[in-house]
Amino acid sequence: MDTHDSTFPLIISVDDHTVEPADVWQDRLPRQYRGAGPRIVRAPVKEMTFLGGRFRPVMGEAGDDGPVGDWWVYEELRRPLTRLDTAVGYDRDEIRLEVITYEQMRPGSYDVTARLADMDVNHVQSALCFPTFPRFCGQTFTEAKDHELGLLCVRAYNDWMVEEWCGPKARGRLIPLTLIPLWDAELAAAEVRRNAARGVRAVAFSEIPPHLGLPSVHTDDWDPFLAACDETGTVVAMHIGSSSRMPSTSADAPPAVGSTITYANCCFSMVDWLMSGKFERFPNLKVMYAEGQIGWIPYILERADVVWEENRGWGGVADKVHRPPSELFAEHVYGCFFDDAFGLRNLDSIGVGNVLYETDYPHSDSTWPKSREVGEAQMGHLEPDVVERIVRGNAIDLLGLTAEGLWPGAGGAR
C-alpha cells in the first residue's frame with residue numbers, strides 16, 4: 001500500500017475521551033442530591049503532584065494565590081480539570097500538569113458539534129469515548145460514601161452519554177460507552193441490560209479490580225455482570241489506568257517512567273482473564289484494552305501457552321482453562337493502539353481480527369490531527385483489506401455498527 005494512498009479508510013477510533021460539561025449531573029440528579037452531587041467550582045490550586053503513578057491535587061480557597069482552574073466537587077472529592085485532560089492543539093513541550101478552565105480547553109473536548117469538526121480534520125468517522133471526571137471505569141462513584149447517590153450518578157452519566165453525547169447532534173458518529181455501579185454486580189447487570197435495550201454495546205470496567213478494593217475476575221462475584229454482557233453482546237472495555245493505579249517503579253519515579261510502561265496493567269489484566277476460565281463460562285464475552293498498544297501481546301501469548309501446557313496441574317487452572325490461552329485470546333480479546341509500529345510488524349503473531357485503532361483525542365498522547373498520517377506510515381506494508389479491518393472493520397463488527405460505521409441507536413430511547 002502506498003503510504004500516500006488517498007484511499008486510507010475513514011478511522012473508527014475505539015479510544016477517545018469526553019470531558020463532561022459542567023451541568024451533566026446538576027441537570028439530571030433529583031433536586032435533593034444536587035448539593036452533594038458533582039458540580040463545578042472555580043478555585044486556585046494549592047498543590048498538585050503526579051509521582052509514583054499517583055495524582056494528588058489540593059484545591060485552595062477563593063482569594064488564595066495560585067493558578068485558577070475549574071474543579072469538580074463531589075462529596076469530599078476535589079478534582080481539577082488539567083491540561084493533560086485536553087492537550088490537543090498545544091505544542092508537546094508546552095503541555096504541563098496544570099489546572100485549566102473550560103474556556104482554556106479545546107471546545108471539541110466537551111461540545112458535540114466541535115468534536116465532529118475535529119474528527120473531520122483527523123479523518124475520523126466515528127469514535128467511542130471514555131469518561132474524564134468519573135475516571136475510566138466510574139471508580140469515582142465507587143469510592144464515594146453514598147452509594148445511593150453514586151448509583152444515581154452512574155445512571156445520569158449513562159443517560160447523558162446515550163441521549164446527548166451520542167444523541168441526534170452526533171448523527172451516529174459518537175458511539176456510547178456506559179458505566180456500571182462497580183460495588184454491586186447485580187445492579188451492574190441491570191445497568192448493562194438497561195443500556196443494551198437502547199443500543200449500547202460497550203461498558204467500561206477496571207483492568208485490575210482488586211486495586212480498587214473489589215473482587216478479582218478469578219472469583220464468581222462478577223458473574224451476574226459478565227452474564228449480562230454475554231447475553232447482550234456488550235463489550236467489556238478496559239482503559240489503562242482504570243485500576244486507579246498507573247504502573248510505576250517507585251514512589252518518586254517521574255511520570256515519564258509510568259508513561260513508558262502504561263501497557264503493563266493491560267498485560268497483567270489479560271493474563272488474569274486468560275487464566276480465569278471466564279471465557280469458557282461465558283462464550284460470547286469480548287474484552288478490549290484501550291490505549292494498551294499491541295506490541296507486547298505475542299510474547300505474553302507464547303508464555304501463557306507454555307505455562308498452560310506444562311504447569312497447569314500445579315498452576316491452579318487445569319480445572320477451568322481447557323484450551324490454550326492463545327486460542328481464547330483469538331476469540332475474546334482485542335488490543336487497541338494508536339502508535340505501535342512494532343506491533344504492526346508482528347501482526348501475524350497477534351491476529352488481524354484482534355486489533356483496533358484509536359486516536360486518544362484529546363489527551364497528550366493523541367495523534368490528532370495526524371492519526372491518518374501515522375496510520376499510513378505504520379501500515380504501509382499491509383494489504384488494503386488488512387488495513388481496512390484494523391482501521392474500521394473490526395470495530396464495526398465488535399460494536400454492532402452499521403456497514404457505514406455509524407452507531408444505529410443515535411438519539412437513544414428516553
Side-chain angles (χ1 to χ4, degrees), residues 15 17 19 45-60 66-67 69 71-72 77-88 90-100 130-140 142-143 204-214 216 237-273 289-300 303 335-343 358 360-367:
D15 171 34
H17 299 265
V19 176
V45 60
K46 183 176 182 181
E47 180 184 347
M48 187 163 59
T49 60
F50 189 13
L51 292 172
R54 296 286 189 177
F55 178 46
R56 295 181 176 89
V58 179
M59 188 173 85
W71 295 70
W72 282 106
L77 177 65
R78 306 291 184 267
R79 201 281 189 191
L81 300 178
T82 75
R83 177 56 62 206
L84 299 186
D85 292 329
T86 172
V88 292
Y90 285 77
D91 184 272
R92 294 296 173 108
D93 290 336
E94 295 178 357
I95 298 170
R96 297 177 175 84
L97 182 61
E98 59 184 353
V99 297
I100 60 171
F130 283 82
T132 297
F133 169 70
R135 310 218 298 285
F136 295 143
C137 66
Q139 58 265 57
T140 293
T142 299
E143 294 167 359
F205 190 65
S206 174
E207 60 202 351
I208 308 177
H211 285 346
L212 304 178
L214 299 169
S216 79
M238 294 171 282
H239 194 285
I240 58 166
S242 57
S243 56
S244 295
R245 187 183 304 176
M246 293 297 285
S248 191
T249 54
S250 63
D252 59 350
V257 172
S259 185
T260 302
I261 57 174
T262 51
Y263 75 91
N265 281 354
C266 295
C267 174
F268 299 159
S269 175
M270 190 178 82
V271 176
D272 253 352
W273 282 90
Y289 288 101
E291 209 172 321
Q293 313 299 345
I294 59 175
W296 53 272
I297 292 174
Y299 170 72
I300 292 300
R303 177 60 183 164
C336 311
F337 77 100
F338 58 81
D339 184 4
D340 192 340
F342 180 84
E358 57 185 41
D360 197 30
Y361 178 105
H363 283 184
S364 60
D365 259 342
S366 178
T367 51

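Predicted model only: the values in this text are computed from it and were never measured. The figures here come from the full heavy-atom set of this structure, side chains too, leaving out hydrogens, waters and symmetry mates.
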Least distance between heavy atoms, [X] atom then [Y] atom:
X: C266; Y: G292; answer: SG-CA, 3.7 Å
X: T82; Y: F55; answer: CG2-CZ, 3.9 Å
X: G295; Y: F342; answer: O-CE2, 3.6 Å
X: Y289; Y: S269; answer: OH-OG, 2.8 Å
X: Y90; Y: R83; answer: OH-NH2, 3.2 Å
X: D85; Y: P362; answer: O-CG, 3.4 Å

Could you tell me if the side chain of [Y] sits less than 4.5 Å from the side chain of [X], heavy atoms only?
X: V19; Y: L81; answer: yes
X: P255; Y: L97; answer: no
X: M48; Y: P80; answer: yes

Gap between atom [atom2] of [Y] and atom [atom1] of [X] - 0.5 Å precision:
X: L84; Y: R96; atom1: CG; atom2: CZ; result: 11.5 Å
X: W273; Y: M238; atom1: CH2; atom2: CE; result: 5.5 Å
X: S366; Y: D339; atom1: OG; atom2: CG; result: 10.5 Å
X: F338; Y: Q293; atom1: CZ; atom2: CD; result: 4.5 Å
X: L77; Y: F133; atom1: CG; atom2: CZ; result: 5.0 Å
X: L214; Y: I208; atom1: CG; atom2: CD1; result: 12.5 Å

Mark yes or no for whether [X], through its side chain, and [Y], through its backbone, hold a donor-acceptor pair below 3.5 Å.
X: E207; Y: G241; result: yes
X: E291; Y: D360; result: no
X: D340; Y: I294; result: yes

Ignoring hydrogens and angles, state whether a donor on the side chain of T140 or R135 is under 3.5 Å from an acceptor on the partner side chain. yes
Side chain to side chain contact (heavy atoms under 4.5 Å, CB included) for C137 and L212? Distances and angles first, verdict last. CA-CA 11 Å; C137 66; L212 304 178; 4.2 Å; yes
Could you label the plane-to-plane angle of the H239 and H363 rings as parallel, tilted or perpendicular, counting under 30° as parallel and over 60° as perpendicular? perpendicular
Hey, what's the ring geometry for F130 with H17, parallel, tilted or perpendicular (30° and 60° as the breaks)? tilted
